[in-house]
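One structure is given below, encoded as structure tokens.
Quick note: residue numbers are just sequence positions, from 1. Please read all numbers here as calculations on a predicted model, not as lab measurements.
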Amino acid sequence: MDFIADLQNHEPDFRVSVELVDQISFCYDNPEGYDVWTCADDHGWHAYHRVPLSDCYYGHVFWNERNPDLVKIEILEQQKYYLENTQNLLNLLTLEAVLLKAKTLLLHSAFIRAGEKGILFSAPSGTGKSTQASLWQQHRQADIINGDRAALRSVNGVWTAWGLPYAGTSGIYRNISAPIGAVVALRQAKTNAIRRLRPAEAIRYLYPELTLHRWEAVSVEKAMNLLTELVCSVPVYLLECRPDEEAVCLLEQTLKEVF
């Protein structure tokens with residue numbers, strides 16, 4: 001599905017400027033050995049992206065702290081084919097870092113909308129996020145907004161999930177948002193069971209599913225603060241389940257208490 005931004009009725013949070021260059025400008029000496037190398041100087045934050053299996057860095061992202069509404073990207077002229085794919089462009093942008101600066105988390109999850117509320121199924125790849133989302137679509141006519149990731153942000157005290165302009169293997173990505181009714185950590189099991197997680201438990205299950213620069217202490221601290229706020233504001237459940245309608249019924253009955 002197409003992901004279209006309504007720029008006529010909404011001002012963007014930030015703009016991206018892309019420039020093709022003959023040579024990448026480095027704020028320090030040319031780094032070696034990093035697929036993505038980040039640093040900061042007196043002017044702002046930088047990220048450099050390396051051509052796979054090469055010593056060449058093809059992209060430079062710069063966020064000027066004095067002009068936070070504009071993100072600049074330099075990309076080598078001979079590597080401009082990277083821009084032909086939306087996900088490549090967003091990876092080059094280092095979207096998770098840009099969103100974090102806007103107090104937004106990027107969570108590995110299948111995002112559905114049931115009624116007016118959003119439900120996020122979060123788990124390691126291969127656990128069954130897309131399967132549970134599809135079961136809710138099949139048996140409860142829920143809308144699948146994104147099959148792989150969602151952006152989460154508190155707006156006027158209400159935690160809200162947004163779709164993203166790319167997806168995983170599901171191929172589903174829609175420009176729709178919804179207030180978060182619940183986050184569900186999934187695990188496969190022979191029988192269906194559910195329980196609400198305490199905040200500390202919820203963090204233990206959800207933190208590994210954040211897309212995050214874990215090598216940057218400042219980023220980790222910001223993400224942990226936001227995640228703590230999220231799990232103290234939104235119910236988080238552990239659903240150990242089979243891929244069947246009974247799992248849908250069990251979660252639905254549980255969520256009637258909070259929806």
Side-chain angles (χ1 to χ4, degrees), residues 3-7 9-17 36 38 40 44-47 61-65 67-73 86-87 89-113 117-122 129 145-168 172-185 199 202-203 205-236:
F3 192 98
I4 301 174
D6 183 4
L7 296 182
N9 298 320
H10 298 88
E11 280 296 315
D13 292 322
F14 59 87
R15 298 178 183 273
V16 179
S17 168
V36 180
T38 62
W45 178 85
H46 303 260
V61 180
F62 173 55
W63 185 304
N64 189 335
E65 299 291 354
N67 187 12
D69 296 334
L70 177 64
V71 181
K72 293 184 178 181
I73 294 179
T86 300
Q87 185 160 346
L89 177 59
L90 293 176
N91 288 339
L92 173 66
L93 179 60
T94 321
L95 181 64
E96 62 274 13
V98 172
L99 290 177
L100 189 57
K101 288 180 178 294
K103 297 183 178 180
T104 302
L105 296 172
L106 191 57
L107 182 66
H108 184 213
S109 58
F111 168 27
I112 68 169
R113 185 177 64 181
K117 296 287 188 176
I119 302 174
L120 301 168
F121 295 103
S122 185
K129 300 184 302 297
I145 309 304
N146 194 292
D148 190 60
R149 277 175 171 78
L152 317 182
R153 185 181 184 185
S154 178
V155 179
N156 297 324
V158 178
W159 275 92
T160 304
W162 276 267
L164 295 168
Y166 65 91
I172 301 173
Y173 50 102
R174 302 171 65 185
N175 187 11
I176 293 175
S177 65
I180 303 171
V183 181
V184 182
I203 290 173
Y205 279 96
L206 298 183
Y207 177 76
E209 305 309 321
L210 294 179
T211 304
L212 174 66
H213 293 179
R214 301 182 195 278
W215 60 90
E216 293 179 348
V218 173
S219 295
V220 171
E221 182 180 2
K222 288 181 179 179
M224 282 297 295
N225 288 339
L226 289 172
L227 183 58
T228 300
E229 182 183 337
L230 170 69
V231 300
C232 290
S233 304
V234 173
V236 182

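The line from OG1 of Thr160 to CD1 of Ile180 is 6.5 Å long, rounded to the nearest 0.5 Å. If you take CD1 on Ile145 and CD1 on Ile176, they are separated by 4.0 Å, rounding to the nearest 0.5 Å. With rounding to the nearest 0.5 angstrom, the NZ atom of Lys222 is 9.5 Å from the CD atom of Glu216. Taken to the nearest 0.5 Å, the CG atom of Leu105 stands 10.0 Å off from the CG atom of Asn225. In this structure, CZ in Arg15 is found 9.0 Å from CG in Asp69, a value given to the nearest 0.5 Å. With rounding to the nearest 0.5 Å, the separation of CG in Leu70 from CH2 in Trp63 is 9.5 Å.
The main-chain N or O of Val36 is never found under 3.5 Å from a side-chain atom of Thr38 such that the two would form a donor-acceptor pair.
Side-chain contact between Val155 and Trp162 is present, with heavy atoms from C-beta onward closer than 4.5 Å. Taking the side chain as every heavy atom from C-beta outward, Val16 and Val98 never approach each other to under 4.5 Å. For the pair His108 and Asp148, the minimum side-chain heavy-atom distance is below 4.5 Å. Counting heavy atoms from C-beta on, the side chains of Leu100 and Leu226 come closer than 4.5 Å. Put simply, the side chain of Phe111 does not reach to within 4.5 Å of the side chain of Arg174, judged on heavy atoms. Counting heavy atoms from C-beta outward, Arg149 and Leu106 have side chains that approach closer than 4.5 Å.
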**Request:** Could you check Trp45 against Val71 for side-chain contact (heavy atoms from CB on, under 4.5 Å), going step by step and ending with a plain yes or no?
**Result:** CA-CA 10 Å; Trp45 178 85; Val71 181; over 6 Å; no
**Message:** For Leu152 and Leu120: C-alpha separation, side-chain torsions, deciding distance, then whether side-chain contact (heavy atoms from CB on, under 4.5 Å) applies.
**Reply:** CA-CA 10 Å; Leu152 317 182; Leu120 301 168; 3.5 Å; yes
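Residue Ile203 comes nearest to Met224 through the heavy atom pair CG2-CE, 3.8 Å, listed as atom of the first residue, atom of the second, then distance. Pro235 approaches Gly181 most closely through the heavy-atom pair CG-O, 3.2 Å. Taking every heavy atom of both residues into account, Thr94 and Ala47 meet most closely at OG1-CB, 3.8 Å. Here the shortest heavy-atom pairing between Ser233 and Trp159 reads CB-CD1, 3.8 Å. Taking both residues in full, the closest heavy atoms of Ser122 and Leu107 are given as OG-CD1, 3.8 Å, listed atom of the first, atom of the second, then distance. Nearest heavy atoms, Lys103 versus Arg153: O-CG, 3.6 Å.
For Lys101, the NZ atom is densely surrounded, since the number of other residues' heavy atoms within 6.0 Å is greater than 12.
Listed by chain and residue number, nothing satisfies the ring-ring contact (aromatic ring centres under 6.0 Å, His included) test with Tyr205 (two or more places apart in sequence, or in another chain).
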